[in-house]
Amino acid sequence: MTQTTPDQANAQANAETTVLSVHEENKLIAARRDKLHAIQQKRNAFPNDFRRDAHAQDLHSEYAETSREDLEKIGRKVKVAGRLIRERGPFLVIQDSTEALQLYVNHKALPAEMMEEIKFLDLGDIVGVHGEVFRTGKGELTVNVESLRLLTKALRPLPDKWKGLSDTEVRYRQRYVDLIANEASRRTFMLRSQIINSMRQYFQAQGFMEVETPMMHVIPGGASAKPFVTHHNALDQAMYLRIAPELYLKRLVVGGFEKVFEINRNFRNEGLSTRHNPEFTMVEFYQAYADYHDLMDFTENMFRQIATEVLGTTKIVYQGLEIDFAQPFTRLSVRDSILRHCEGVKPEQLQTRDAAAELAASFGVKVEKSWGLGRIMMEIFDAKVEHHLLQPTFITEYPTEISPLARRSDNNPDVTDRFELMIGGRELANGFSELNDAEDQAARFHEQVAQKDAGDDEAMHFDADYITALEYGLPPTAGEGIGVDRLVMLFTDAPSIKDVLLFPHMRPARD
RNA sequence: GGGGCGUUAGCUCAGCGGUAGAGCAGUUGGCUUUUAACCAAUUGGUCGAUGGUUCGAAUCCAUCACGCCCCA
């Protein structure tokens, strides 16, 4: 058997790419390629010696109030660079990472060679420009071109200059084109970055330490979900992409780091939807000497602060729904939420397993024999309640049966000191006071293993080292995970998770 | 996995059984402080793929691929 070297692999890939692009070549691309080759006859068409000294946005804000006459007196000369996105007769518009900026080409004032270079340009080309800032008759801040150089030739044409790129498939597969053409998309991802920055600063200001725990687990744990499986060759061992960092973060609390957080990807081998991507970003955090009530307060405050910092207001509109994070979030137990949102349901129907099973069946929920009262109540909740919870609502008192890592309530061992945060009918966060009784945890793992043996492939494994860690003593702790993608969806009014992921997962395209 | 909708020029879309269209982009010329710049002319297509029905298919039917939405 012959080994393929990286070089051979590259050569092969290049050959395939070349074949493909020749196949795809159309006249628009061919004409641009001809221009590029003509330039290459004269000089290096890909210079990297242009250095700019100004960005579009800085110029716009610096001279926002400066009059035409004053600008003329100032005579500010700038070097700017960006992608050519418009031609309006003698005017060109370039766009850099901050904003668009207009250029003026006075063909009477420029040497013939410069005009040749400019006439050779296509929309999409990257150019560097030197010139003086002025204001046109119509008041637009503009750079009067004294010299202009092509820095990178664009071989492919841009999408519609007015309507942008709307084909969702192309927008997701070729996000770079979406970002060039659609201002709204650029804004979404800039906001995403700012939201995560703001979140990180909030944790740091509260004394949390950022950590990184393994992305590859030998025993997948910390959530109920199907993992992706891979294989470590040297160890000849199955490994799993993590479904949650929870058990490692709590090990760190055992180790004495009393406030930790991690912002990173989780991987779950499940379907795709407007709310699910196989890899998604979570922030998980743990605080010793705190309980789940503290976390609910913490979360409310954090959402308020992020909204204020990033959007400048606590009020958002998500898909037509107004939400004001300044208002206190509702807090409601699972049981009470069912009673409130399912008309005609009486408390007795949630008292015993059989009564609840009958109720669930009447709602069209298929009840498994192995399910207890708690699991059945959650199925009723998922089917009949969750989508009604539009305004921020903490649902509390989750059944112990489905919360194998959460501390039991002091008042009722069948429920845990746990909550989930619902906004817009979706789960945004999940937190609880941590189970730190090693013996109880071992017993709960055994129950999970029994369910796994009974065919539930989302049930948890027994993690002996985690039990050992608990035996060293986990201080009373509370922990929480917040879905960052869903938070960004809310703050950017995005209907699909794909709109807030730069490169969402797609099936491979086929011809 | 099931259902619905979509796939036509580089982009945005119309056409829905009888010669494949528009706007923008492109090309050529004009004009040059414009604002989706403007004026004139002009190029551009295996109508997602494969079968079928028909004298004739972008259009009707079937299967497949990919996408979007809803449901599980």
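All values below come from the heavy atoms of this structure, side chains included, with hydrogens, waters and symmetry mates left out. Chain A is the first sequence line, chain B the second, and so forth, proteins listed ahead of strands; every chain is numbered from 1.
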Tell me which residues in residues 167-184 of chain A lie within less than 4.0 Å of RNA chain B, going by non-hydrogen atoms.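 Per residue number, the list reads A:D167, A:T168, A:E169, A:Y172, A:R173.
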With sequence neighbours excluded, what pairs up with [X] under the salt bridge (Lys or Arg N to Asp or Glu O under 4.0 Å) test?
X	result
A:R265	A:E279
A:E401	none
A:R32	none

Under the side-chain hydrogen bond (donor to acceptor under 3.5 Å, both in side chains) test, which residues partner [X], sequence neighbours left out?
X	result
A:T492	none
A:E420	A:Y398, A:R418
A:E87	none
A:S97	none

Please tell me which of the listed nucleotides, B:C66, B:C11, B:A25, lies nearest to the side chain of A:P159?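 Taking heavy atoms from C-beta onward, the closest nucleotide is B:C11.
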So what is the 5' to 3' dot-bracket string for RNA chain B, if pairs are Watson-Crick or G-U wobble with both distances under 3.5 Å, crossing pairs use [ ] and | means the partner sits on another strand? ((((((((.[[[[.)..(..]]]].(((((.......))))).....[[[[[..)....]]]]]))))))).
Could you state the [atom1]-[atom2] distance from [X] to [N], rounded to the nearest angstrom?
X	N	atom1	atom2	answer
A:M506	B:A65	CE	P	16 Å
A:L84	B:A25	CG	P	13 Å
A:I497	B:C69	CD1	P	12 Å
A:Q319	B:C70	CD	C1'	15 Å
A:K27	B:A25	NZ	C1'	16 Å
A:K498	B:C66	NZ	P	13 Å

Hey, is the side chain of [X] poking within less than 4.0 Å of OP1 or OP2 on [N], counting only N and O atoms?
X	N	answer
A:S273	B:C70	no
A:K35	B:U27	yes
A:R507	B:C66	yes

Looking at every strand, decide which applies to A:L28 at a 4.0 Å heavy-atom threshold: base, sugar-phosphate, or nothing.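 Base contact.
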Would you be so kind as to tabulate the donor-acceptor pairs closer than 3.5 Å made by side chains of residues 171-178 of chain A, with sequence neighbours excluded?
residue : atom : partner : partner atom : Å
A:R171  : NE   : A:D178  : OD1          : 3.0
A:Y172  : OH   : A:D499  : OD1          : 2.9
A:R173  : NE   : A:E169  : OE2          : 3.1
A:R173  : NH1  : A:R507  : O            : 2.6
A:R173  : NH2  : A:E169  : OE2          : 3.2
A:R173  : NH2  : A:R507  : O            : 3.0
A:Q174  : NE2  : A:Y176  : OH           : 3.1
A:R175  : NE   : A:L502  : O            : 2.8
A:R175  : NH1  : A:D178  : OD2          : 2.7
A:R175  : NH2  : A:K498  : O            : 2.8
A:R175  : NH2  : A:L501  : O            : 2.7
A:D178  : OD1  : A:N182  : ND2          : 2.6
A:D178  : OD2  : A:S185  : OG           : 2.6

Where protein sits on nucleotides 29-39 of chain B, one letter per nucleotide: B base, S sugar-phosphate only, - none, heavy atoms under 4.0 Å: ---BBBBBB--
Residues two or more places apart in sequence or in another chain: which of them pass side-chain contact (heavy atoms from CB on, under 4.5 Å) with A:H107?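 A:H107: side-chain contact (heavy atoms from CB on, under 4.5 Å) contacts with A:M115.
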